[in-house]
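So the structure is just underneath, and the comments pick up after that.
Numbering of ligands and ligand atoms starts at 1, following listing order.
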Amino acid sequence: MFQKDFVWGVASSAYQIEGTDSQDGRGKNIWDTFAEQGRIYENQNADIACDHIHKYKEDFALMRLLGVKAYRFSVSWARIMPEGTGRVNEKAIALYRDMILEMKKNGIEPYVTMYHWEFPQALQDKGGWLNEEVIEWFGEYARVVAENFSDIAKYFITLNEPQCFVGLGHLSGVHAPGLKLEPKDVFQISHNALRAHGLAVKKLREFAKQPIKVGYAPTCGVAYPYTDSPEDIEAARSIYFGFDQPISNWTWNVAWFSDPVFLGEYPKEALEKYKEYLPEITKEDMELIHQPLDFMGQNIYNGYYIRAGKDGKPEYVDRGPGFPKTSTNWPVTPECLYWGVKFIYERYHMPIYITENGMACHDQISADGRVHDSNRIDFLDKYLSCIQKAVDEGVDVQGYFLWTFLDNFEWDKGYSERFGLVYVDYNTQKRIVKDSAYWYQKVMETNGMNLSVNQPKQEILRMEPVFKQMIWGGNKLGTQWGYEIPGDNTGECWAVSAHPNGDCKIAEGSFAGKTLSQLWKEQPELFGNVDSDRFPLLIKIIDAKDDLSIQVHPDDTYAATNENGSLGKTECWYILDASEGATLVIGHNAKDKAELDGMIREGRWQEFIREVPVKVGDFIQIDPGTVHAIKGGIQILETQQNSDITYRVYDYDRLTDGKPRELHVEKSLDVITVPAKSVAESIVAVDASKENVFNELISCDYYRVWKLDVTNKMQFMQEYPFLIMSVLSGDGLMNGQYIKKGDHFILPSGYGMVDVQGKLEVIASTIA
Ligand code: BGC
């Protein structure tokens with residue numbers, strides 16, 4: 001669970017939303033130049049962007065209405081100091097003060113980022129980040145920020161994503177100022193940026209008008225383990241904090257940009273690997289960089305799998321075809337948030353804020369005038385669940401700022417990518433709150449309780465049946481049902497079972513590979529938290545090629561004392577297949593105990609056995625104490641208590657491997673009910689003929705069983721603690737999934753509305 005005062009917020013940056021105004025007095029920055037040079041997608045620019053400088057009142061009102069309580073935004077250096085140093089633009093100060101006050105009026109706590117990439121052009125002309133004077137320039141700017149805003153704002157962040165502005169700006173040249181410098185210069189820039197950060201922290205604190213909290217917001221893709229094995233975890237950790245990138249891409253790492261800030265030293269691996277490119281690094285530099293901070297921000301969007309290779313070395317693992325991606329083609333990797341914060345917390349021991357996370361979607365306005373961005377909801381739901389998991393394990397994550405509030409200017413990609421919770425029509429500047437914003441409103445309101453991890457699972461639990469070979473078994477479970485059977489004498493398909501003699505595995509989804517008994521113990525909420533030490537039912541298909549032995553089952557009391565705490569066995573059969581004139585043994589002909597004893601001990605089977613004619617669709621309840629036997633040529637679907645206790649009364653004198661199977665005469669005599677139910681009462685009279693409804697077959701102390709005949713469409717609410725379904729024939733669609741003859745699955749507790757289409761016969765069951 002998220003702590004009570006967890007900070008739920010949204011994030012943005014100045015240049016991406018503000019826009020400009022001929023009267024605003026701002027100075028030019030490197031992104032203005034970059035846009036003038038035509039280096040943005042479709043020649044776009046941020047002259048208007050979201051026109052936030054004119055519309056911030058409405059924007060903060062929207063935040064208030066959506067319940068946003070914290071807002072990470074940035075102020076623009078060149079707007080505040082048009083030449084980068086010296087003169088302060090009072091209009092900018094007034095603007096940002098009014099924005100902050102307006103936020104507060106709307107109940108929103110400001111988190112001010114000083115630098116989100118829009119470097120003043122005047123200072124770029126003097127060498128930009130490569131000029132060591134930048135440290136002083138940035139320090140001066142920090143003083144101005146502290147002097148003007150720290151009376152009304154408490155939280156400050158120095159740099160946003162140095163990895164990006166250093167690397168994309170100066171190494172690959174994809175971002176402004178669009179340079180492709182030599183590695184040596186880029187290392188100099190990174191060292192300057194880190195020292196500038198250090199001086200800014202000092203200046204912010206020195207000139208602050210109240211005690212403030214200062215942090216830093218680096219980024220980097222997360223290396224996360226392919227499996228949970230200690231080897232894979234170690235491999236991922238070593239890559240996450242290592243320097244595996246080629247020199248052309250070296251800025252993509254965590255440790256170079258965070259170790260000096262939080263640990264006071266550059267990582268040794270990097271000092272060694274990059275020694276030919278490094279500037280002089282002094283003790284004073286390191287002291288300056290290593291300023292005490294109040295929190296660590298981290299922007300996390302995605303990650304990549306790492307595992308320990310055969311030689312023990314870390315190895316990158318392909319995601320495989322069809323891996324989900326955002327519209328920017330970034331992979332959807334929720335686990336990166338779990339592992340990212342976990343690894344970072346282990347290494348730096350700082351309170352963490354996720355200062356950015358979110359996704360771009362192909363959002364558009366639908367016919368109803370709204371923006372239905374279900375992909376984003378799904379993405380955030382999964383990512384936030386991973387933070388919750390880390391928090392539950394003790395990682396100190398204090399807040400989350402969703403990137404971003406408004407669709408905005410996505411740097412070199414212009415307006416082609418929409419990352420917002422609020423849709424912006426750039427022609428009219430109209431805002432439309434997307435579905436995801438309403439969803440996030442609920443997240444903030446419930447402190448994350450509406451996340452799907454905190455809700456009952458709405459996943460269909462498909463079973464992998466377990467097969468049993470029997471002397472009387474045949475091959476129809478293979479030929480008619482399409483199962484992969486172990487051999488020709490396969491008699492039983494344990495379709496839904498948590499019994500130790502045949503525990504089904506979950507076939508797919510988030511519980512794939514777990515056994516049903518494990519799931520019953522570990523996720524009792526899936527089964528409505530039913531109070532029982534084991535999954536209570538067992539569903540089987542029985543295919544009898546030959547006759548089964550004549551047998552009887554004990555009840556709970558007898559089984560508990562005589563069979564090691566086992567359950568007794570009440571069961572019922574739905575006849576799936578039976579030839580003309582087929583019979584079953586149900587009950588017996590002894591009138592009293594003495595006669596029963598005589599018939600069994602003396603082997604008077606002709607007199608003892610009572611056969612009852614049956615046909616497809618008949619339904620038979622076998623109470624404990626009922627003598628019974630399935631005869632060759634019959635197939636049944638059986639719903640029974642979760643028990644494997646059978647007492648064999650008579651086995652037609654058959655031999656297995658030259659020996660007769662064991663009989664249980666004494667126990668049988670203990671439990672057989674005398675006299676038996678009449679023939680007429682042995683078959684339950686059911687009318688299962690109504691289409692597209694639940695036709696009840698039986699409701700007893702242990703289970704309820706229904707037959708469903710879907711002929712076209714059927715809808716129902718799954719309101720039972722759980723509902724087991726076995727498809728007997730046909731095929732169809734159920735809530736988006738293809739289901740067909742031979743499928744067995746459980747609809748868990750709270751599953752909700754079920755929509756079935758197609759032509760199928762189903763047996764459904766649950767506990768009483
Ligand atoms: C940046 C944002 C950007 C977002 C999405 C982050 O790297 O800080 O400015 O819009 O990613 O690309």
Side-chain angles (χ1 to χ4, degrees), residues 9-19 29-31 34-35 40-41 44-46 49-50 52 71-77 111-119 157-172 174-176 193 197 215-222 249 251-254 257-258 296-303 325-333 336-337 340 353-363 373 375-376 379-380 383 400-424 426 436:
V10 293
S12 76
S13 90
Y15 197 69
Q16 293 178 271
I17 59 172
E18 283 180 352
N29 73 51
I30 53 174
W31 279 93
F34 204 58
I40 312 275
Y41 173 78
Q44 291 165 351
N45 61 49
C50 306
H52 182 65
Y71 178 38
R72 174 184 173 226
F73 67 107
S74 72
V75 290
S76 163
W77 188 349
Y111 286 70
V112 186
T113 304
M114 282 181 58
Y115 184 71
H116 204 122
W117 307 354
E118 65 291 79
F119 198 82
I157 290 166
T158 55
L159 302 178
N160 180 67
E161 299 189 348
Q163 286 87 347
C164 290
F165 74 78
V166 176
L168 297 176
H170 304 88
L171 190 58
S172 66
V174 175
H175 277 187
H197 153 83
Y216 169 62
T219 187
C220 195
V222 178
N249 219 6
T251 65
W252 294 115
N253 69 73
V254 171
F257 292 96
S258 287
M296 177 168 189
Q298 189 76 14
N299 297 356
I300 296 184
Y301 286 90
N302 53 58
K325 294 207 169 140
T326 72
S327 69
T328 33
N329 263 330
W330 296 356
V332 177
T333 56
C336 70
L337 266 186
Y353 285 87
I354 295 299
T355 30
E356 281 181 34
N357 168 249
M359 84 179 291
C361 296
H362 293 295
D363 296 322
D373 56 339
N375 281 356
R376 183 171 283 108
F379 174 102
L380 294 169
Y383 273 66
Y400 173 88
F401 292 91
L402 197 157
W403 186 270
T404 178
F405 190 63
L406 301 172
D407 286 340
N408 62 42
F409 177 77
E410 178 55 24
W411 307 113
D412 57 309
K413 299 194 182 61
Y415 301 97
S416 64
E417 299 293 349
R418 294 183 176 273
F419 271 90
L421 287 179
V422 175
Y423 183 94
V424 176
Y426 297 107
S436 60

Taking it one step at a time, do Glu410 and Ser416 satisfy side-chain contact (heavy atoms from CB on, under 4.5 Å)? CA-CA 7 Å; Glu410 178 55 24; Ser416 64; 5.9 Å; no
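- Counting all heavy atoms, side chain and backbone alike, Thr251 lies closest to Gly167 at OG1-CA, 3.4 Å.
- Salt-bridge check for Asp373 with Arg418: failed, with every basic side-chain N at 4.0 Å or more from each acidic carboxylate O.
- For ligand 1, residues of the protein lying within 4.0 angstrom by heavy-atom distance are Gln16, His116, Trp117, Asn160, Glu161, Tyr301, Trp330, Glu356, Trp403, Glu410, Trp411, Phe419.
- The six-membered or imidazole ring of Tyr353 lies away from that of Tyr400, with a centre-to-centre distance of 6.0 Å or more.
- Shown here are the ring pair (Phe, Tyr, Trp, His ring centres under 6.0 Å) partners of Phe401, two or more places apart in sequence or in another chain: Tyr111.
- Residues Asn408 and Trp403 meet the side-chain proximity criterion, which asks for heavy atoms closer than 4.5 Å.
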